[in-house]
Colleague: 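I have a structure here, written as structure tokens, and I will follow up with some questions on it.
Protein chains get the first letters and strands the later ones, always in sequence-line order, with residue 1 at the start of each.
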Protein chains: 2
Amino acid sequence: MAHFTHHSEENYLKALYKLSYSTVKKVNNTALSQLIGHNPATVLEMVRKLVGKNLVTTLPNKSLKLTPSGEKKALLIIRKHRLWEVFLTEKLNYSWNEVHVLAEQLEHIESNDLVDRLEKYLGFPAVDPHGDTIPDKKGKLKVQESIPLENAVAGKNYRILNLADTNDVFLQYLEKLNIRPGKKIKLVSRNQYDNSVMIMLLKKIIPLSEKVTKNILVEPA
Amino acid sequence: MAHFTHHSEENYLKALYKLSYSTVKKVNNTALSQLIGHNPATVLEMVRKLVGKNLVTTLPNKSLKLTPSGEKKALLIIRKHRLWEVFLTEKLNYSWNEVHVLAEQLEHIESNDLVDRLEKYLGFPAVDPHGDTIPDKKGKLKVQESIPLENAVAGKNYRILNLADTNDVFLQYLEKLNIRPGKKIKLVSRNQYDNSVMIMLLKKIIPLSEKVTKNILVEPA
DNA sequence: AAAAATAATTTGGGAAACCAAATAAAAATA
DNA sequence: TATTTTTATTTGGTTTCCCAAATTATTTTT
């Protein structure tokens with residue numbers, strides 16, 4: 001039986017992925033045990049199973065690493081998690097700090113097609129409510145370099161990277177507002193009615209229309 | 001740990017609920033084993049556990065019955081199942097005959113709040129895509145008085161409520177004819193020879209065999 | 001009622017995920 | 001380097017949900 005094996009297995013993969021990008025000096029059995037809150041013996045057992053499935057490798061110094069296929073699996077789970085989080089906040093009005101627990105359950109629903117449809121339904125969001133980028137259906141995570149300000153998250157800080165429209169009027173308009181690549185801003189709020197936003201730049205609040213936010217590329221800062 | 005115990009348990013409750021409203025003469029261990037596809041020994045074990053939790057009782061003649069609290073639990077699972085089915089068809093464009101498998105997974109997500117919000121988001125639908133009524137958040141199911149189209153009266157208007165056969169071929173046949181729960185039809189005439197009927201749907205006359213009319217449930221409209 | 005058929009129950013296992021406690025190995029420190 | 005501390009591994013459990021095969025009711029049929 002397929003059972004809910006995958007449930008546990010997926011949690012291990014996700015944890016290993018997290019650790020690999022965390023500040024933990026060494027991703028070993030102890031670190032993994034602590035993160036997922038299971039006994040080291042249990043963790044060892046599971047890791048061996050994952051090694052057997054070619055999802056994880058243990059380096060000579062005993063630190064753990066996802067194989068390419070393991071990493072892909074992890075990213076596909078993270079994709080599900082983040083898309084469900086978007087759904088919960090955007091459609092069901094959950095606040096962004098209460099969605100995590102629910103998404104932990106939803107991420108284990110077995111159907112890639114379902115998540116692909118969900119993504120489409122949500123309008124292909126670039127980031128989840130926490131501002132983390134969402135891997136694509138192949139498990140590729142775009143390096144977070146640039147997202148349109150349109151898809152940015154209220155309350156977060158950003159650095160302006162690029163302007164996607166070379167129209168002169170547009171550029172001069174931004175210039176007057178002191179908006180240009182390199183500047184640091186905070187997305188204060190978004191108006192659901194017309195998708196305009198308020199940003200804060202150098203202590204000043206500035207309103208920007210949807211058309212403008214579509215053409216300002218930023219990165220989290 | 002709470003684990004996924006509930007997952008299996010919930011399936012048993014749901015199965016018992018289904019059986020109690022089916023045409024099965026006696027809801028006993030054998031019937032339950034066959035419906036859920038598990039070994040009789042396994043089923044006996046689970047039933048005993050459920051009896052211990054006061055969710056099921058065994059009558060002196062060994063037939064099984066849900067207690068009030070067991071039935072409520074069952075109905076709350078069915079509520080989740082049906083609301084998720086509505087979501088999948090209405091929002092993610094699944095066709096109504098492919099949502100069942102996915103809803104089987106989604107119905108086990110633990111959060112009543114989530115389903116309540118989902119219900120609100122979907123506009124408090126009365127029925128799922130198959131035409132089955134959705135229990136309310138207290139586990140109450142409104143009774144719908146439906147009659148098979150077979151027994152309907154020529155010349156009267158009806159609304160299709162439900163389809164009594166889940167056979168795929170049957171469902172696809174109806175799908176092609178645009179016949180599904182919610183549609184309004186008129187019974188134009190009945191052929192005494194073979195008990196076939198003519199119905200009118202959207203100005204078009206459609207013939208239906210006796211076998212088909214036995215499995216289409218309608219209410220006067 | 002006796003035989004046959006059917007249903008319920010018991011018995012002995014199995015796999016998956018867990019754990020605590022003991023031991024072995026490795027790393028850090030004195 | 002010797003000692004201590006930390007980490008990895010082994011060993012011997014546990015629980016949950018599942019199975020097949022044997023046994024014991026219980027019903028049905030003859």
Side-chain angles (χ1 to χ4, degrees), chain A residues 1-16 19-20 22-65 70 73 77 104-105 107-108 110, chain B residues 1-16 19-20 22-53 55-65 70 73-74 77 104-105 107-108 110:
Chain A
M1 292 290 91
H3 252 324
F4 312 116
T5 307
H6 72 281
H7 206 310
S8 178
E9 197 174 294
E10 287 181 357
N11 285 334
Y12 277 85
L13 293 175
K14 215 174 40 150
L16 279 169
L19 282 175
S20 75
S22 73
T23 55
V24 171
K25 50 265 139 199
K26 211 180 154 199
V27 181
N28 54 16
N29 201 293
T30 316
L32 187 53
S33 308
Q34 282 177 342
L35 180 59
I36 61 183
H38 286 160
N39 189 288
T42 306
V43 172
L44 183 63
E45 189 177 84
M46 275 300 289
V47 164
R48 279 177 177 156
K49 182 185 299 180
L50 295 172
V51 168
K53 288 187 172 187
N54 196 34
L55 298 170
V56 171
T57 46
T58 56
L59 304 182
N61 68 331
K62 309 246 166 173
S63 77
L64 305 169
K65 206 164 86 74
K73 274 209 166 195
I77 300 155
E104 294 263 272
Q105 288 187 68
E107 75 192 5
H108 298 296
E110 275 183 291
Chain B
M1 291 292 92
H3 250 322
F4 313 116
T5 307
H6 70 282
H7 206 310
S8 179
E9 196 174 295
E10 287 181 357
N11 285 334
Y12 277 84
L13 294 176
K14 215 174 42 150
L16 279 169
L19 282 176
S20 76
S22 74
T23 56
V24 171
K25 49 268 137 196
K26 212 182 156 198
V27 180
N28 55 15
N29 202 293
T30 314
L32 186 53
S33 309
Q34 282 177 342
L35 180 59
I36 62 183
H38 285 161
N39 189 289
T42 306
V43 172
L44 183 62
E45 189 178 85
M46 276 301 289
V47 164
R48 278 176 179 161
K49 184 186 297 178
L50 294 173
V51 168
K53 288 186 172 187
L55 298 170
V56 171
T57 45
T58 56
L59 304 182
N61 67 330
K62 307 243 169 178
S63 77
L64 304 168
K65 206 164 87 72
K73 274 209 166 198
I77 300 155
E104 294 262 273
Q105 288 187 67
E107 75 192 5
H108 299 295
E110 274 183 292

Colleague: Expressed as a whole number of angstroms, how long is the span from L13(B):CG to dC17(D):P?
Modeller: 12 Å
Colleague: Would you say a side-chain N or O of T42(B) is under 4.0 Å from OP1 or OP2 of dC19(D)?
Modeller: yes
Colleague: Quick one: is dT16(D) close enough that its OP1 or OP2 comes under 4.0 Å of any side-chain N or O from S8(B)?
Modeller: no
Colleague: Would you say the side chain of L55(B) lies within less than 4.5 Å of the side chain of K73(B), judging by non-hydrogen atoms?
Modeller: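 Yes. Closest side-chain heavy atoms under 4.5 Å.
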Colleague: What is the distance, rounded to the nearest whole Å, between atom CD of E45(A) and atom P of dC18(C)?
Modeller: 9 Å
Colleague: Give every pair of a protein N or O atom and an N or O atom of nucleotides 7-10 of chain C that lie under 3.5 Å apart, one pair per line with the distance.
Modeller:
residue, atom, partner, partner atom, Å
dA8(C), OP2, T30(B), N, 3.1
dA8(C), OP2, T30(B), OG1, 2.6
dA8(C), O3', K62(B), NZ, 3.3
dT9(C), OP1, K62(B), NZ, 3.1
dT10(C), OP2, R48(B), NH1, 2.9
dT10(C), OP2, R48(B), NH2, 2.6

Colleague: Between K49(B) and dT16(D), is there a contact of a side-chain N or O with OP1 or OP2 at under 4.0 Å?
Modeller: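 Answer is no, no contact under 4.0 Å.
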Colleague: Using whole Å, what does the distance between atom C1' of nucleotide dA8(D) and atom CG of L64(A) come to?
Modeller: 11 Å
Colleague: Considering Watson-Crick and G-U wobble pairs with both distances under 3.5 Å, what does dA4(C) pair with?
Modeller: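 When the pairing criteria are applied, dT27(D) turns out to be the nucleotide that pairs with dA4(C).
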Colleague: Would you indicate whether the side-chain heavy atoms of E10(A) and I77(A) approach each other to under 4.5 Å?
Modeller: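 Yes, at least one pair of side-chain atoms sits under 4.5 Å.
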Colleague: Angle class for the Y12(A)/H38(A) ring planes (parallel below 30°, perpendicular above 60°, tilted otherwise)?
Modeller: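 Y12(A) and H38(A): tilted rings.
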Colleague: In whole angstrom, give the distance that lies between atom NE2 of H108(B) and atom P of dC17(D).
Modeller: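 It is 12 Å, rounded to the nearest whole Å.
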Colleague: If we only count heavy atoms from C-beta on, is the L16(B) to V27(B) side-chain gap below 4.5 Å?
Modeller: yes
Colleague: Measure the distance from NE2 on H7(B) to P on dA16(C) and round it to the nearest whole Å.
Modeller: 18 Å
Colleague: Starting at NE2 of H6(B) and ending at P of dC17(D), how long is that distance when rounded to a whole Å?
Modeller: 11 Å
Colleague: Does a side-chain N-to-carboxylate-O contact under 4.0 Å join K49(B) and E9(B)?
Modeller: no
Colleague: Would a 4.5 Å heavy-atom cut-off, applied to side chains only, mark Q105(A) and H108(B) as touching?
Modeller: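 Answer no - side chains too far apart.
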Colleague: Are any of the side-chain nitrogens in E104(A) or K14(A) under 4.0 Å away from the carboxylate oxygens of its partner?
Modeller: yes
Colleague: Output the rounded distance in Å from CG (L32(A)) to C1' (dA8(D)).
Modeller: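 The answer, rounded to whole Å, is 13 Å.
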Colleague: Whole-Å distance between dA17(C) C1' and E10(A) CD?
Modeller: 15 Å
